Amino acid sequence: MKKMVLMVAVAIMTAMSANAQNEDLHHELSLSYGLGSIAQFGDGLGEGIGLVFTNTEYDDGTILGPISLEYFYHFNNPRLALGASFTYSKWDSDVLDRSSHQKLGDRKRNFFSVMPSFKSYWINKNNFGLYSKVSAGVGFLSVKDNFKNYKDGKEVNEKKDDNGAYFMFQLSFVGVEFGSKFRGFAELGIGDQGFLQAGVRYKF
């Protein structure tokens, strides 16, 4: 009986110690990959509309990202965290003649954003979290086009090397995370980090 009481006491003390350690973890680093960035969607929609008025089409497109690195600071209030994110993505494709399908050149896009972020927890336990996230900041798009086109029966070399800055955001309506110091997580929302985002995070 004494051994049983001792074992229970040790287990309770261990659990209390673990809880105390988790409550002292104020810092968080996350790395994630997303699907369906609004920057990619917006650029593709605009270019797609432009294709209606030309004799060109895109093929063999490749997409990387969005890849996001985030930092959050967790306040003593267990429901609030404030931080920032850096997100990078790129996409490119071949430009083809719509009639002959001959390659005319290529187009490349690089996009990254920096956004302050706020996270509010609906549930925040030692091994489980349910939250929403809001981020807003600035995004930078690098455009490089190099392909041939035909206007009025003449061959024209279309070259574009441009950079622009835009307002960018991320609204994660719901996010879930599992684990202790190391956690896996997934978020569903809209914005530069994608409509679906998943990754790992470390709390310290």
Side-chain angles (χ1 to χ4, degrees), residues 21-47 61-93 108-144 162-204:
Q21 289 176 1
N22 284 337
E23 289 173 358
D24 291 336
L25 304 179
H26 292 288
H27 306 278
E28 172 191 302
L29 281 175
S30 302
L31 182 64
S32 65
Y33 193 92
L35 298 174
S37 162
I38 195 170
Q40 297 169 350
F41 176 78
D43 180 71
L45 179 62
E47 293 293 334
T62 59
I63 296 177
L64 174 65
I67 300 172
S68 298
L69 179 65
E70 291 181 302
Y71 167 80
F72 276 96
Y73 178 82
H74 290 257
F75 296 94
N76 289 329
N77 184 332
R79 296 188 180 274
L80 302 179
L82 187 66
S85 67
F86 174 84
T87 301
Y88 172 76
S89 58
K90 66 174 294 186
W91 58 100
D92 55 57
S93 59
K108 300 179 184 296
R109 302 289 188 272
N110 286 275
F111 190 87
F112 66 91
S113 65
V114 179
M115 300 183 290
S117 304
F118 173 78
K119 188 158 56 171
S120 177
Y121 280 84
W122 304 101
I123 301 173
N124 191 6
K125 302 296 184 180
N126 288 329
N127 295 302
F128 173 75
L130 180 68
Y131 60 89
S132 297
K133 184 181 75 178
V134 178
S135 305
V138 60
F140 302 91
L141 176 64
S142 172
V143 175
K144 294 184 183 296
D162 194 16
N163 298 286
Y166 308 88
F167 169 76
M168 190 46 62
F169 69 94
Q170 175 70 29
L171 297 176
S172 293
F173 306 115
V174 60
V176 293
E177 59 184 22
F178 299 90
S180 183
K181 286 188 175 181
F182 283 100
R183 292 193 171 194
F185 72 95
E187 298 178 9
L188 184 67
I190 183 174
D192 186 39
Q193 295 173 331
F195 71 87
L196 180 62
Q197 177 187 3
V200 293
R201 60 177 42 127
Y202 176 65
K203 292 188 175 183
F204 58 99

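What's counted below: heavy atoms across the whole structure, side chains too, no hydrogens, waters or symmetry copies. Quick caveat: nothing in here was measured; it's all calculated off a predicted structure.
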### Query
Going through the checks in order, is the side-chain contact (heavy atoms from CB on, under 4.5 Å) test met by Leu64 and Tyr88?
CA-CA 8 Å; Leu64 174 65; Tyr88 172 76; 4.2 Å; yes
Output the distance between atom [atom1] ([X]) and atom [atom2] ([Y]), rounded to the nearest 0.5 Å.
X	Y	atom1	atom2	result
Met115	Met168	CE	CE	7.5 Å
Ser120	Trp122	OG	CH2	6.0 Å
Lys108	Thr62	NZ	OG1	7.5 Å
Ser85	Tyr71	OG	OH	14.0 Å
Ser30	Arg183	OG	CZ	10.5 Å
Ile67	Thr87	CD1	OG1	9.5 Å

If you take all heavy atoms of [X] and [Y], which pair is closest and at what distance?
X	Y	result
Glu28	Phe204	N-CE2, 4.2 Å
Tyr33	Ile63	OH-O, 4.1 Å
Ser135	Ser117	OG-OG, 2.7 Å

Any side-chain heavy atom of [X] within less than 4.5 Å of one from [Y]?
X	Y	answer
Leu29	Glu70	no
Lys181	Tyr202	yes
Phe140	Asn110	no
Leu82	Phe75	yes
Phe195	Ile190	no
Gln170	Ile38	no
Phe111	Lys90	no
Asn124	Arg79	no

### Message
Under the rule for side-chain contact (heavy atoms from CB on, under 4.5 Å), what residues qualify as partners of Ser32, not counting sequence neighbours?
### Response
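Expected list: Ser68, Phe185, Gln197.
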### Query
Does Val114 have any side-chain contact (heavy atoms from CB on, under 4.5 Å) partners at least two apart in sequence or in another chain, and if so, which?
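Counting only residues at least two positions away or on another chain, Val114 forms a side-chain contact (heavy atoms from CB on, under 4.5 Å) with Phe86.
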### Task
Examine distances only and state if a side-chain atom of His26 and a backbone atom of His74 form a donor-acceptor pair shorter than 3.5 Å.
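Side chain of His26 to backbone of His74: a pair is present.
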### Query
Looking only at atom types and distance, does a side-chain atom of Tyr131 sit under 3.5 Å from a main-chain N or O of Val174, one as donor and one as acceptor?
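A pair under 3.5 Å: no.
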### Message
Would you call the rings of Phe167 and Phe169 parallel, tilted or perpendicular, taking 30° and 60° as the class edges?
### Response
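Phe167 and Phe169: parallel rings.
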#### Entry: Matching residue for Lys133 among Phe118, Phe173, Phe72 - test: side chain to side chain contact (heavy atoms under 4.5 Å, CB included)
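Of all the options given, the one that passes is Phe72.
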#### Entry: Asn163 vs Val143, side-chain contact (heavy atoms from CB on, under 4.5 Å): CA-CA, chis, key distance, verdict
CA-CA 6 Å; Asn163 298 286; Val143 175; over 6 Å; no
### Query
Any salt bridge between Lys119 and Glu187, counting N to O under 4.0 Å?
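No, Lys119 and Glu187 are not salt-bridged.
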